Amino acid sequence: MTSDLQRQVTLLDLVDRVIDKGAVVRGQVVLAVADVDLVKLDLNLLLASVEALEEATR
Amino acid sequence: MTPGVYVYGIVETGSLAGVATAGIGGSPPALLCVDDLTAIVGGVDVAEFEGEALERNVSSPEWLEQKVRAHESVLEDVLARAAVVPMRFGSIFSSPAGLQRMLTEHAAELRVALAGVRGRTEWGVKLHCDGGRVVESLAGAPADPSSGRGYLVQKKTQLDARARAADVAAEVAAHAHESLAALADEAVAAAPRSGEVLNGAYLVRDEERTAFMRRVEDLQRSHAGAFVFEVTGPWPPYNFTNADVGGPAS
């Protein structure tokens with residue numbers, strides 16, 4: 001199924017979904033300490049970086 | 001090097017034999033099954049995703065793009081063959097045991113999430129609007145600006161058109177979203193980025209895909225000129241499985 005209106009996926013499209021959406025495990029807090037199972041990923045840091053990237057590519 | 005278990009997504013056990021696409025760490029992911037649920041997992045170095053190293057890494061567009069694309073490539077490969085609950089980027093467990101515990105504790109929510117996306121994929125539709133062309137089409141043919149009165153009439157018409165243009169664009173966007181949502185199981189409209197008037201995501205049943213695409217094309221035909229529709233997909237259902245599936249409290 002293709003359409004002329006379909007276009008290539010950009011990094012921003014990806015980031016909007018991959019970083020911003022998707023199932024999460026207890027918010028974004030993913031801490032690898034003692035009995036906590038997940039590794040912390042500072043989402044705000046990532047989003048700030050993506051916004052900077054967006055500005056730069058405009 | 002601190003080994004961690006990166007989770008891409010969750011599928012039903014048996015729906016997927018394996019994944020050949022290279023993942024975040026460079027090698028293809030493995031499957032970790034707990035009863036009827038299977039996690040698609042890969043080994044990563046946790047140190048890359050923590051503290052100052054993470055700060056350094058995410059400020060490098062190359063690092064970010066490579067990792068995000070790897071996450072998406074794995075899930076697109078999976079999506080072509082099985083219903084999947086996509087995890088958010090950076091879901092990393094410190095041990096397989098921790099992941100197994102999460103799958104056991106949250107089996108019920110994950111089953112519900114899987115049932116909700118089986119036989120469906122996500123589609124993105126963006127609507128771009130050229131504000132100047134909307135104003136032009138509203139203002140119509142310019143009055144003769146050489147006469148003083150003609151100039152004033154034209155100025156007034158343009159100001160009116162400019163004031164109405166935003167409303168017209170919002171109406172077109174709302175109508176498009178409603179019309180597309182009617183063909184989808186679920187729909188969400190995110191905040192439009194600059195130049196956009198609609199940034200929608202739609203969960204579409206496989207059997208409705210052709211009708212959905214045709215609807216976007218019809219919308220484009222009815223709003224040719226100032227409006228441009230753009231479609232991306234099929235996506236793993238990121239926008240429709242964004243529930244918090246629990247995990248250890250922090």
Side-chain angles (χ1 to χ4, degrees), chain A, chain B residues 2 4 7 9-10 46 49-50 54-55 58-61 64-65 68-69 71-72 75 85-95 97-99 101-102 110 113 122 124 190 193 199 201 209-210 213 216-217 220 229-233 235-236 238-239 241-250:
Chain A
M1 180 73 226
T2 53
S3 165
D4 291 346
L5 303 176
Q6 246 181 300
R7 66 155 168 80
Q8 285 299 306
V9 166
T10 64
L11 179 58
L12 268 180
D13 292 327
L14 280 169
V15 160
D16 272 349
R17 289 185 161 80
V18 177
I19 293 183
D20 217 18
K21 300 282 165 15
V24 290
V25 183
R26 184 68 64 195
Q28 298 87 36
V29 184
V30 201
L31 268 180
V33 286
D35 55 333
V36 181
D37 287 309
L38 301 162
V39 177
K40 178 169 184 163
L41 181 65
D42 190 340
L43 193 73
N44 290 331
L45 197 65
L46 274 173
L47 289 177
S49 160
V50 168
E51 272 159 26
L53 191 63
E54 182 188 357
E55 289 300 315
T57 55
R58 226 174 239 162
Chain B
T2 315
V7 189
I10 314 289
V46 169
F49 291 87
E50 277 184 319
L54 178 67
E55 219 163 307
V58 296
S59 61
S60 145
L64 189 62
E65 175 152 19
V68 168
R69 283 201 189 275
H71 180 102
E72 172 64 11
L75 285 173
V85 169
M87 298 296 292
R88 187 172 292 189
F89 179 76
S91 301
I92 304 169
F93 287 75
S94 56
S95 69
L99 171 57
R101 203 158 56 240
M102 186 280 276
L110 289 167
E122 176 176 325
R193 291 184 179 279
N199 182 8
R209 192 185 283 196
T210 310
M213 214 58 99
V216 184
E217 283 167 359
Q220 178 64 84
F229 285 84
E230 271 183 355
V231 180
T232 53
W235 290 97
Y238 291 107
N239 276 285
T241 46
N242 53 4
D244 185 338
V245 293
S250 54

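Residue numbering restarts at 1 for every chain, and letters A, B, ... go by the order of the sequence lines. Values in this document were obtained by computation on a predicted structure and should not be read as measured data.
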Task: A/Q6 side-chain N/O to B/G233 backbone N/O, donor-acceptor pair under 3.5 Å - done: yes
Task: Residues that A/R7 engages under salt bridge (Lys or Arg N to Asp or Glu O under 4.0 Å), provided they are two or more places apart - done: A/D13, B/E230
- [ ] Can you sort out the partners of B/E122 under salt bridge (Lys or Arg N to Asp or Glu O under 4.0 Å), two or more places apart, ordered by chain and number?
- [x] A/R17
TODO: To the nearest 0.5 Å, tell me how far B/R69 CZ sits from A/L11 CG.
DONE: 6.0 Å
Open item on the list: For the CG atom of A/L14 and the CD atom of B/E65, what is their distance to the nearest 0.5 Å?
Closed with: 7.5 Å
Task: Approximate separation, where rounding is to 0.5 Å, of A/D4 CG and B/Q220 CD - done: 10.0 Å
Open item on the list: Does B/L64 form a side chain to side chain contact (heavy atoms under 4.5 Å, CB included) with A/I19? I'd like the steps, not just the answer.
Closed with: CA-CA 10 Å; B/L64 189 62; A/I19 293 183; 4.1 Å; yes
Open item on the list: Checking B/E72 against A/V9 for the side chain to side chain contact (heavy atoms under 4.5 Å, CB included) test, could you report, in this order, the C-alpha distance in whole Å, the side-chain angles of both residues, the deciding distance, and whether it holds?
Closed with: CA-CA 11 Å; B/E72 172 64 11; A/V9 166; over 6 Å; no
Open item on the list: So, taking the atom named CG in A/D16 and the one named CG in B/N199, what distance separates them when rounded to the nearest 0.5 Å?
Closed with: 6.0 Å
Task: Least distance between heavy atoms, B/S91 atom then A/A23 atom - done: OG-O, 4.4 Å
